[in-house]
Amino acid sequence: MSYIIPPPIKIEFPEQLALSDSIGGSRSDVAASELAVKLLADQMRTLGTTNLLINPRGKINQASETDGEIEAGEYFCDGWKAGPNGAHVYRLDDGGFDLRGGSIVQLIPNDLEVSRLVRTNLDVVSGSPMMKVNGIAEKAAAGDGEYIEIEISGDNSTFNRLIAASSQTKPVYQHDTNELGKCQRFYFDTGRVHGGTFGSVYTTSHTYANFMHAVVPQNMTSASLWFEVVVGPVMASVSHIWSVQSISNGYASMRNSGGPISVSGDHYYRLILDARP
């Protein structure tokens with residue numbers, strides 16, 4: 001029995017393709033290398049990560065709090081407060097932080113699985129700042145605590161664009177156009193609004209208590225509240241402390257056990273809800 005062995009198949013390409021490690025080029029006569037494919041996949045993963053931090057550039061300061069020498073646990077802007085030994089820190093006009101001493105901390109509500117890895121990153125301007133997750137440098141498991149603690153230390157260092165994310169790779173900061181909205185989940189201030197035009201707030205007088213409902217950021221879960229009623233053109237009168245009964249579906253229900261408020265004439269309202277941990 002004889003066998004016929006076919007001739008080898010010859011495959012011709014119209015042109016020779018070179019390999020490239022670049023993922024940002026526009027040439028059509030090259031092919032992506034294995035390294036380029038990996039780099040692109042890593043970038044796609046980091047682009048999909050959500051920054052767990054609010055106010056990552058320190059630009060938002062709704063309560064007009066002061067920076068400088070800050071006592072332990074005191075806030076100096078939205079999201080950020082001094083660490084356990086206090087902080088000497090300044091917010092930079094163009095965004096970022098100038099940390100002269102101590103540390104700054106942000107507590108993130110923890111809704112992650114216990115073993116989920118939280119990783120951090122920041123842009124270093126000067127010095128050697130260090131980020132810690134639950135007391136461990138750069139990355140750690142979310143744990144089972146109510147909050148994930150992010151702490152930054154490093155005397156005489158400046159840094160900006162901070163990120164903490166649930167990610168297996170080092171996350172990359174992406175600018176969020178809704179920085180203020182995310183901060184308002186934890187602190188919300190209406191400013192003084194004329195009572196005649198504030199349609200989202202109303203009061204009802206009762207024999208022993210006064211109730212009020214107000215539109216608030218939907219995701220705000222609990223808060224202490226300061227409610228101010230101001231009568232007259234000088235906008236200076238009596239203020240009342242209210243307690244939050246419940247916050248759900250974007251509405252806050254408040255109660256003032258001191259009795260009903262009596263207002264007359266030109267009056268204004270101001271609501272401040274503070275849910276910062």
Side-chain angles (χ1 to χ4, degrees), residues 50-89 91 97 99 102-114 116-120 122 130-153 162-166 171 176 178-190 214 216-227 241-254 271-277:
T50 299
N51 196 349
L52 302 174
L53 295 170
I54 65 169
N55 202 19
R57 301 182 300 148
K59 296 282 286 183
I60 310 298
N61 186 17
Q62 296 183 84
S64 300
E65 288 160 317
T66 58
D67 51 12
E69 293 283 355
I70 313 296
E71 294 184 6
E74 295 294 321
Y75 282 93
F76 61 95
C77 66
D78 282 64
W80 297 103
K81 59 183 177 179
N85 295 316
H88 185 189
V89 62
R91 297 165 49 246
F97 303 89
L99 183 61
S103 66
I104 61 175
V105 167
Q106 185 168 142
L107 298 178
I108 303 169
N110 186 8
D111 57 3
L112 299 177
E113 298 173 358
V114 172
R116 286 298 293 269
L117 185 65
V118 177
R119 301 189 62 146
T120 60
L122 50 70
M130 175 182 291
M131 294 186 76
K132 292 183 179 180
V133 181
N134 292 335
I136 300 174
E138 293 189 2
K139 60 183 179 181
D144 59 359
E146 183 179 2
Y147 297 100
I148 301 168
E149 182 186 81
I150 305 298
E151 183 177 16
I152 303 96
S153 59
L162 294 84
I163 181 171
S166 174
D176 189 340
N178 190 32
E179 285 186 356
L180 175 60
K182 292 188 174 180
C183 291
Q184 286 177 333
R185 288 184 54 200
F186 302 93
Y187 188 93
F188 181 63
D189 184 354
T190 65
V216 298
Q218 177 115 6
N219 293 328
M220 183 177 278
T221 56
S222 63
S224 59
L225 174 111
W226 174 266
F227 174 58
I241 296 294
W242 290 60
S243 61
V244 177
Q245 299 298 103
S246 65
I247 300 180
S248 62
N249 298 321
Y251 287 87
S253 297
M254 280 72 71
L271 305 175
I272 300 175
L273 292 102
D274 191 347
R276 297 178 296 183

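Not measured: the values here are computed from a predicted model.
The pair R57-E179 meets the salt-bridge criterion, with a side-chain N (NZ, NE, NH1 or NH2) lying under 4.0 Å from an Asp/Glu carboxylate O.
Between atom CD1 of residue I152 and atom CZ of residue F97 there is a gap of 7.5 Å, rounded to the nearest 0.5 Å. Of the inter-residue distances, the one linking I108 atom CD1 with Y147 atom OH reads 11.5 Å to the nearest 0.5 angstrom. In this structure, T66 OG1 and N61 CG are separated by 8.5 Å, a value rounded to the nearest 0.5 Å. One finds the CD1 atom of I70 at 13.0 Å from the OH atom of Y75 (value rounded to the nearest 0.5 Å).
Considering only residues two or more places apart in sequence or on other chains, K139 meets the salt bridge (Lys or Arg N to Asp or Glu O under 4.0 Å) condition with none of them.
Remark: the backbone N or O of E138 is paired with a side-chain donor or acceptor of T120 at under 3.5 angstrom. In this structure, E151 contributes its side chain and S103 its backbone to no donor-acceptor pair below 3.5 Å. In this structure, the side chain of K132 does not engage the main chain of E149 through any donor-acceptor pair within 3.5 Å. Under the 3.5 Å distance criterion, the side-chain polar atoms of N51 are left unmatched by any main-chain donor or acceptor of A165. Side chain of R91 to main chain of G58: a donor-acceptor pair is present (N/O by atom type, distance under 3.5 Å, no hydrogens or angles).
Between L162 and W80, some side-chain heavy-atom pair lies under the 4.5 Å cut-off. L112 is listed as a side-chain neighbour of L52, based on a closest heavy-atom distance under 4.5 Å. Using a 4.5 Å heavy-atom cutoff, the side chains of Q62 and Q184 are in contact. A 4.5 Å side-chain heavy-atom check between K182 and D78 finds every atom pair outside the cut-off. The side-chain heavy atoms of L53 and I150, taken from C-beta on, include a pair separated by under 4.5 Å. Between D274 and Y187 there is a side-chain heavy-atom pair separated by less than 4.5 Å. Proximity of H88 to E69: side-chain heavy atoms (C-beta onward) are separated by under 4.5 Å at one or more points.
No more than 12 heavy-atom neighbours from other residues, nucleotides or ligands sit within 6.0 angstrom of CG on D144.
In terms of heavy-atom proximity, P277 sits nearest to K81 at O-NZ, 3.2 Å. The minimum heavy-atom distance linking R276 with C77 is given by the pair NH1-O, 4.2 Å. Closest approach of I163 and P171 over heavy atoms only: CD1-CB, 3.7 Å. Between I104 and A87, the shortest heavy-atom distance links the atoms CG2-CB, 4.2 Å. Nearest heavy atoms, Q106 versus I54: OE1-N, 2.8 Å.
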